[in-house]
Novice: 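Structure incoming, see below.
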Amino acid sequence: MTTLRIASLRTALLLTVLTIASLIGLGPAMAAGPPVGLGEVPVHTAPNAYGPGIWHHAKQGKTWYGSYRTFPDTSAYCIDAGKKSPLPKYFKNAKADTVTSARTAWALHEYAGSTSKDVQAALSAMARLDKALPHDHKVPPQKPADLGKKFAAAAKKHSTILAEAKKFAGPYTLDISLEPVLRMPVLEPHAAPESAPSPDSWASDSKDGDRSADKDSPDKPKILGTPTDEATLTVSLTSASGAQVPDVPIALKTAGTTKAPTTLTTGKEPVSTTLQASAPGKLSVTASAKVAPQTVRVFEPTSGTRVQRVVTPDTPDSVTDKASLELSSQPKVTTEISDQTPTPGETVTDEFTVSGLIGDHTVTVEHTLWQTATAPRQGIKNDDAREIGSVTSKNVGNGTHTSDEITVPEDFRGWLYFTETIAGDKATKEWKGIHGQPRETGFVPWTPTADTEAVLEGTSTHDEVAVTGLRPGSEAVLTITAYHVETEPEQSKETAGTELSVQDFTVIADEEGHVEISTEPIDMPVGWVTYVTTIEGSDVNKAWTSDWGVPAETVHRPPEEMPSTPPAPPEEPSTPPAPPEQPEAPESPEKPETPPVEPVAENPETPASPAAPAPSGELPRTGTTGNGMLIGLGIVLVGLGSTILLISGSRRDKE
């Protein structure tokens with residue numbers, strides 16, 4: 001009985017000891033662990049003292065790889081493995097010292113808020129193994145990769161975080177730059193390339209104000225193109241290794257801009273945004289960012305013995321940078337003449353569009369109308385270019401406008417075009433329009449006419465043509481057509497009749513625009529022939545055609561006169577005809593009338609009175625007279641005819 005009581009008392013004592021040992025951490029949970037004095041003793045009465053993590057049983061004792069809730073607003077990590085857990089009660093009113101350790105500082109800054117036990121175990125290992133921090137380890141620290149299968153995931157996180165820390169840890173450099181947005185050369189009919197050597201080019205060399213005001217070396221290449229009212233802001237945040245640090249918000253403060261963003265987030269490459277200036281002058285940007293610190297905070301316990309020291313993430317660092325840019329309005333003018341085929345004596349205007357002015361900036365535009373007798377070449381002022389007139393457009397902003405009118409001279413022939421000028425000042429880049437822009441150019445063709453005269457010479461005709469009003473030195477093609485009609489033509493625009501001839505001539509006008517030609521003669525039929533002259537149109541001369549039936553261009557050939565009935569045979573004269581006149585001999589004086597002869601008595605025996613004497617001064621005629629000869633010839637012919645008749649009659653009788 002006594003033996004049973006003794007056994008029961010021993011059993012009860014053993015149970016009591018085991019219970020007490022269990023309560024102080026020497027029960028089954030520590031059965032495999034080291035003696036109590038060589039390891040961290042878990043505080044079961046303060047479960048909220050530990051954050052995510054993993055217990056490790058080393059030969060020297062048990063230790064916690066994870067975060068502690070030593071402070072209410074941040075995670076803490078021990079740097080003295082094997083000592084007492086850093087409960088909050090040991091760190092009341094504790095003051096922190098800072099220790100520079102960029103990689104651990106970056107890791108704690110980035111991952112201290114994680115709820116992953118593997119991440120927190122990895123951070124704890126980094127803190128314990130960081131040689132830049134002070135340590136008083138009672139249990140040797142180890143890499144998670146050396147802590148067994150239970151730490152396999154933590155080992156991967158440790159490797160990843162450590163590599164990221166090497167790449168992204170500070171110190172950091174925030175770099176921002178401002179560059180003007182350029183308008184590159186536009187090769188259009190209404191613009192000139194900026195590299196054009198012409199003195200009329202609107203391009204100008206970039207000045208210092210066209211560059212970013214800071215960080216530019218004197219050897220920076222010249223900017224190609226013309227700045228606008230916009231600037232490109234580029235932001236770059238780099239780590240100590242030179243890597244771009246992504247996903248960091250950048251706060252922006254701008255001046256001289258309109259509708260500018262207030263934040264920008266970094267990326268794996270430098271990021272850019274476009275800012276628009278609100279007015280000519282300085283555009284400035286100040287950028288700032290919160291980045292991972294380069295230090296950690298080290299806390300010593302304020303009470304207790306053998307309590308671990310801890311580190312926490314330090315407050316973020318700040319980085320800033322500034323950039324500014326002087327911007328002036330960079331005006332550009334594109335234009336179009338109101339009429340590309342103007343009428344002399346009427347007016348033209350310049351329809352122009354202004355761009356490149358900053359904000360509500362306005363300028364004064366001078367418009368000049370030029371004339372040339374030779375075709376203008378884009379970007380070149382012809383030697384014969386002369387100013388017709390100019391007008392001014394004041395207080396002009398961006399947009400499309402119309403200039404005042406300029407009158408085209410009444411006698412104008414040739415090309416005319418506008419150029420525009422904007423004077424430069426502190427806020428404005430000078431603009432000079434170039435000569436010969438196609439859309440700014442109008443053309444009034446030369447209007448030739450011809451004075452003609454048709455010529456009739458016997459039975460042939462030709463046309464004399466004098467052309468005026470051609471462009472001096474120009475080539476022209478003339479066509480002269482001859483038409484034949486039976487009746488006198490009446491002047492008309494429409495042609496009629498039969499074409500007798502078409503002759504073409506290629507001529508060159510003299511310095512006065514004048515030329516003369518004569519057509520080849522053609523046979524002139526009976527009736528009327530009228531000429532029509534045509535001047536073929538060209539790129540400089542207007543076409544022209546004369547009317548049909550113009551009196552000066554018309555000739556007439558009447559028909560030859562023919563008798564209507566055959567002439568009657570001549571009657572025998574009662575008196576012998578007078579002898580034919582000798583054209584070279586002088587006419588003989590008229591014979592005076594013979595005085596009447598008094599009747600003679602019919603007495604045969606009475607002799608005839610003698611003939612009256614011939615008038616004085618006229619010799620008496622002798623020999624046969626012309627009349628006597630004709631009478632004699634007639635008698636002979638009559639006698640001969642009678643003889644022939646008698647012979648013919650006697651022959652028929654014999655037959």
Side-chain angles (χ1 to χ4, degrees), residues 38-40 51-68 70-71 74-86 90-91 94-112 114 117-148 151-152 154-172 239-243 245 291-301 306-317:
L38 297 180
E40 181 179 352
I54 305 171
W55 283 103
H56 171 61
H57 297 270
K59 292 180 181 180
Q60 294 81 3
K62 191 173 185 180
T63 186
W64 178 249
Y65 280 88
S67 63
Y68 293 93
T70 305
F71 305 102
T74 186
S75 296
Y77 303 89
C78 84
I79 55 175
D80 300 321
K83 288 187 176 182
K84 286 184 179 180
S85 298
Y90 301 130
F91 289 87
K95 302 296 182 181
D97 293 326
T98 58
V99 177
T100 300
S101 180
R103 294 179 182 178
T104 298
W106 180 87
L108 299 186
H109 174 81
E110 290 292 323
Y111 290 101
S114 174
K117 65 177 182 176
D118 299 316
V119 170
Q120 293 294 353
L123 295 178
S124 177
M126 288 185 68
R128 293 181 182 187
L129 294 168
D130 189 347
K131 295 180 180 180
L133 300 178
H135 298 287
D136 184 18
H137 296 304
K138 302 305 179 184
V139 175
Q142 291 178 281
K143 294 179 181 180
D146 299 331
L147 298 178
F151 283 84
K156 292 181 180 179
K157 292 295 183 182
H158 179 263
S159 177
T160 299
I161 294 172
L162 188 60
E164 290 177 346
K166 290 179 180 179
K167 182 177 181 180
F168 295 120
Y172 300 96
S239 66
S241 69
V245 182
V291 294
Q294 300 176 59
T295 59
V296 294
R297 303 170 75 184
V298 179
F299 290 89
E300 295 277 351
R306 298 182 67 253
V307 177
Q308 300 176 9
R309 289 171 297 181
V310 294
V311 295
T312 64
D314 201 354
T315 55
D317 283 344

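The chain is numbered in sequence order, starting from 1.
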Novice: Can you tell me how far OH of Tyr68 sits from OG of Ser75, rounded to the nearest 0.5 angstrom?
Specialist: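 Atom-to-atom, Ser75:OG and Tyr68:OH are 12.0 Å apart.
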Novice: Considering non-hydrogen atoms only, spot the tightest contact between Pro293 and Pro316 and give its length.
Specialist: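 Smallest heavy-atom distance, with atoms named: CD-CA, 4.1 Å.
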Novice: Side-chain contact, heavy-atom cut-off 4.5 Å: Leu123 with Leu108?
Specialist: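 Yes; the side chains approach each other to less than 4.5 Å.
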Novice: Can you tell me if NZ on Lys84 sees more than 12 non-hydrogen neighbours from other groups inside 6.0 Å?
Specialist: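 Yes, because the 6.0 Å sphere around NZ of Lys84 holds more than 12 heavy atoms from other groups.
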Novice: Let me confirm one number: the CZ-NE2 distance from Arg309 to His135, rounded to the nearest 0.5 Å.
Specialist: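 So the gap between those two atoms works out to 8.5 Å.
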Novice: Do you know which of His56, His57, Arg128 makes side chain to side chain donor-acceptor pair (under 3.5 Å) with Thr63?
Specialist: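 Filter result, single survivor: Arg128.
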Novice: For Ala154 and Ala121, work out which heavy atoms get closest and say how close.
Specialist: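 So the two residues come closest at CB-CB, 4.0 Å.
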Novice: Can you measure from CH2 (Trp64) to CD1 (Ile54) and round to the nearest 0.5 angstrom?
Specialist: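 One finds 8.0 Å between CH2 of Trp64 and CD1 of Ile54.
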Novice: With no hydrogens and no angle check, is any side-chain donor or acceptor of Tyr65 less than 3.5 Å from a backbone partner on Gln142?
Specialist: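 Present.
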Novice: Indicate yes or no for a side-chain donor-acceptor contact from Ser241 to the backbone of Lys167 under 3.5 Å, with no hydrogens or angles considered.
Specialist: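 Yes, the answer is positive, given that a donor and an acceptor are paired below the 3.5 Å cut-off.
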Novice: Would you indicate whether the side-chain heavy atoms of Ile79 and Pro134 approach each other to under 4.5 Å?
Specialist: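 They are in side-chain contact.
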Novice: How far does NZ of Lys131 sit from OG1 of Thr104, to the nearest 0.5 angstrom?
Specialist: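 The distance works out to 12.5 Å.
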Novice: May I ask you to decide if the ring planes of Tyr111 and Trp106 are parallel, tilted or perpendicular, using 30° and 60° as cut-offs?
Specialist: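 Taking Trp106 first and then Tyr111, their aromatic rings stand perpendicular (interplane angle over 60°).
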Novice: Can you measure from CG (Asp314) to OG1 (Thr74) and round to the nearest 0.5 angstrom?
Specialist: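 With rounding to 0.5 Å, CG (Asp314) is 10.0 Å from OG1 (Thr74).
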Novice: Salt bridge between Lys62 and Glu40, side-chain N to carboxylate O under 4.0 Å?
Specialist: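 Looking at Lys62 and Glu40, the cut-off is not met.
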Novice: Does Gln308 use its side chain to pair, donor to acceptor, with the backbone of Lys83 at less than 3.5 Å?
Specialist: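 Judged by distance alone, yes, a pair lies under 3.5 Å.
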Novice: Can you tell if the side chain of Val310 reaches within under 4.5 Å of the side chain of Phe71, non-hydrogen atoms only?
Specialist: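 Counting from C-beta outward, Val310 and Phe71 do come under 4.5 Å.
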Novice: Charged N to carboxylate O under 4.0 angstrom, Asp136 versus Lys138?
Specialist: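 Here Asp136 pairs with Lys138 in a salt bridge, since their nearest N and O are under 4.0 Å apart.
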Novice: Give a yes or no answer on whether the side chain of Gln120 reaches the backbone of Ala112 with a donor-acceptor pair at less than 3.5 Å.
Specialist: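 Looks like yes, one N/O pair under 3.5 Å.
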Novice: How close do Gly170 and Ala240 get, heavy atom to heavy atom, and via which atoms?
Specialist: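 Smallest interatomic distance, heavy atoms only, reads O-CB, 3.3 Å.
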Novice: With a 4.5 Å heavy-atom cut-off, do Ser124 and Ser67 have their side chains touching?
Specialist: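 No, every pair of side-chain atoms sits at 4.5 Å or beyond.
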Novice: Check Glu300 against Ala94 and note the closest heavy-atom contact, atom names and distance.
Specialist: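 Scanning both residues, the minimum pair turns out to be O-CB, 3.8 Å.
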Novice: Write down the atom of Ala292, the atom of Asp317, and the distance for their closest heavy-atom approach.
Specialist: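 For Ala292 and Asp317, the tightest heavy-atom pair comes out as O-OD2, 3.9 Å.
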Novice: Rounded to the nearest 0.5 Å, what's the gap from OG on Ser159 to CD on Glu164? Could you check?
Specialist: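 Spacing of OG (Ser159) from CD (Glu164) equals 10.0 Å.
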Novice: Considering all heavy atoms of both residues, which atom of Cys78 and which atom of Ala127 are nearest to each other, and what is their separation?
Specialist: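 That would be O-CB, 4.4 Å.
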